Amino acid sequence: MTERTPLFRLSVDDHVMIAHSLPGEFFGPAQQLHGATLAISATFERRGLNEHAVVMDIGLAAELLSGVLEPLRYQNLDEHPDFAGKITTTEVVCQYVGLQLAEALPQGHGLNALEVSAEEHPRARASVRIDLQP
């Protein structure tokens, strides 16, 4: 029997309240400026566990997610410089949060990937997965 190293995942949750508009007929009534509360989950993934028998410290994971979301809280994304020229769909917000999280990870984190999902309401969510290994 071949021994396999399991893939472990750790998820933390937060939320962010934003305002934005989505230009173009495609978006119907969402073309108008409106508010949204996005429930954000960040999932960190690694093959095997680290020397402390965890994926990563839960407190650090929650702190990183909160830190990435802080500059977005109560902001109009139509006016936010990081979203200039972008349509701020839930998918685009997920990508932004994921890339910011990837940049914020400590050196030597050992993670394979991270995933960010955002729930707009109980029946709709989007996500992105970012590979961290070359």
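Side chains are part of it too, since the values below use all heavy atoms of this structure and drop only hydrogens, waters and symmetry mates. Here, residue 1 is the first one in the sequence, and each next residue gets the next number. Because the structure is a prediction, the values reported are computed rather than measured.
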A.B. asks: Quick check for you: to the nearest 0.5 Å, what is the distance between Glu91 atom CD and Ser117 atom OG?
C.D. replies: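 If I round to the nearest 0.5 Å, the distance is 12.0 Å.
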A.B. asks: Look up atom NZ in Lys86 and atom CD in Gln95, then write down how far apart they are to the nearest 0.5 Å.
C.D. replies: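 So the gap between those two atoms works out to 6.5 Å.
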A.B. asks: For the side chain to side chain contact (heavy atoms under 4.5 Å, CB included) test, which of Glu119, Glu120, Arg125, His121 pairs with Leu38?
C.D. replies: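 So, applying the side chain to side chain contact (heavy atoms under 4.5 Å, CB included) to Leu38 and each of Glu119, Glu120, Arg125, His121, only Glu120 qualifies.
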A.B. asks: Cluster question for you: counting only ILVMFWY and a side-chain heavy-atom cut-off of under 4.5 Å, with indirect links fine, are Phe83 and Phe27 together?
C.D. replies: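 No, because Phe83 and Phe27 fall into different hydrophobic clusters, even though each may have its own neighbours under 4.5 Å.
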A.B. asks: Knowing that exactly one of Leu65, Asp14, Val16 qualifies, which makes a side chain to side chain contact (heavy atoms under 4.5 Å, CB included) with Val97?
C.D. replies: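 Single side chain to side chain contact (heavy atoms under 4.5 Å, CB included) partner of Val97 among Leu65, Asp14, Val16: Leu65.
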A.B. asks: Measuring from Arg129:CZ to Cys94:SG, what's the distance to the nearest 0.5 Å?
C.D. replies: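 Here the interatomic distance stands at 14.5 Å.
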A.B. asks: Apply side-chain contact (heavy atoms from CB on, under 4.5 Å) to residues Glu103 and Gln100 and explain how you reach the verdict.
C.D. replies: CA-CA 5 Å; Glu103 288 295 317; Gln100 294 295 309; 5.6 Å; no
A.B. asks: Run Val93 and Ile18 through side-chain contact (heavy atoms from CB on, under 4.5 Å) and show every step you take.
C.D. replies: CA-CA 10 Å; Val93 172; Ile18 53 104; 5.7 Å; no
A.B. asks: Can you tell which of Ile58, Thr43, Val54, Leu114 makes a side chain to side chain contact (heavy atoms under 4.5 Å, CB included) with Leu10?
C.D. replies: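 By the side chain to side chain contact (heavy atoms under 4.5 Å, CB included) criterion, Leu10 pairs with just one of Ile58, Thr43, Val54, Leu114: Ile58.
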A.B. asks: When rounded to the nearest 0.5 angstrom, what is the spacing between NE2 in His34 and CG in Asn76?
C.D. replies: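 One finds 10.5 Å between NE2 of His34 and CG of Asn76.
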A.B. asks: Just by modelled atom types, is the Thr88 backbone N or O under 3.5 Å from a matching donor or acceptor in the His20 side chain?
C.D. replies: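 Side chain of His20 to backbone of Thr88, a donor-acceptor pair under 3.5 Å: yes, one is there.
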A.B. asks: CD1 of Ile130 to CG of Leu111: how many Å apart, nearest 0.5 Å?
C.D. replies: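 With rounding to 0.5 Å, CD1 (Ile130) is 12.0 Å from CG (Leu111).
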A.B. asks: Has the side chain of His52 got a donor or acceptor atom that lies under 3.5 Å from a matching backbone atom of Asn50?
C.D. replies: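 Between the backbone of Asn50 and the side chain of His52 there is no qualifying donor-acceptor contact (under 3.5 Å).
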A.B. asks: Ignoring hydrogens, what is the shortest heavy-atom contact between Thr90 and Ala126? Give both atom names and the distance.
C.D. replies: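 Nearest pair, atom of Thr90 first, then Ala126: CG2-CB, 3.9 Å.
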A.B. asks: Would you say the side-chain atoms of Gln31 pair up with the backbone N or O of Gly28, donor to acceptor, closer than 3.5 Å?
C.D. replies: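 Yes.
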A.B. asks: Considering all heavy atoms of both residues, which atom of Gly67 and which atom of Pro71 are nearest to each other, and what is their separation?
C.D. replies: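 Where Gly67 meets Pro71 most closely, the heavy atoms are O-CD, 3.3 Å.
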A.B. asks: Show the numbers, then the answer: is there a side-chain contact (heavy atoms from CB on, under 4.5 Å) between His80 and Tyr96?
C.D. replies: CA-CA 12 Å; His80 195 287; Tyr96 173 83; 4.3 Å; yes
A.B. asks: What verdict does the side-chain contact (heavy atoms from CB on, under 4.5 Å) test give for Glu115 and Arg9, after you've listed the backbone C-alpha separation in whole Å, the side-chain angles of each residue and the deciding distance to 0.1 Å?
C.D. replies: CA-CA 10 Å; Glu115 183 174 330; Arg9 303 176 88 205; 3.0 Å; yes
A.B. asks: Check the hydrophobic clustering (I, L, V, M, F, W, Y; side-chain heavy atoms under 4.5 Å; chains of links allowed) and say if Leu22 and Leu33 are grouped together.
C.D. replies: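 In one cluster: no.
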A.B. asks: Just by distance, do the side chain of Asp78 and the backbone of Ser21 share a donor-acceptor pair under 3.5 Å?
C.D. replies: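 Yes, because the side chain of Asp78 sits within donor-acceptor range (under 3.5 Å) of the backbone of Ser21.
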A.B. asks: Does Val92 belong to the same Ile/Leu/Val/Met/Phe/Trp/Tyr cluster as Ile87, with side-chain heavy atoms less than 4.5 Å apart forming each link?
C.D. replies: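 In one cluster with Val92: Ile87, no.
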A.B. asks: If we check side chain to side chain contact (heavy atoms under 4.5 Å, CB included) with Leu132, which of these qualifies: Leu105, Asn112, Leu101?
C.D. replies: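 Among Leu105, Asn112, Leu101, the one that satisfies the side chain to side chain contact (heavy atoms under 4.5 Å, CB included) with Leu132 is Leu105.
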A.B. asks: Which heavy-atom pair separates Phe44 from Ala61 by the least distance, and what is that distance?
C.D. replies: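 Shortest heavy-atom separation between Phe44 and Ala61 comes out as CE1-CB, 3.6 Å.
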A.B. asks: Looking only at heavy atoms, what is the nearest atom pair of Gly98 and Val116, with distance?
C.D. replies: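 Answer, listing the atom of Gly98 first, then Val116: CA-CG2, 3.6 Å.
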A.B. asks: How about Pro106 and Leu60: do any of their side-chain heavy atoms sit closer than 4.5 Å?
C.D. replies: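 Side chain of Pro106 against side chain of Leu60, heavy atoms only: contact under 4.5 Å found.
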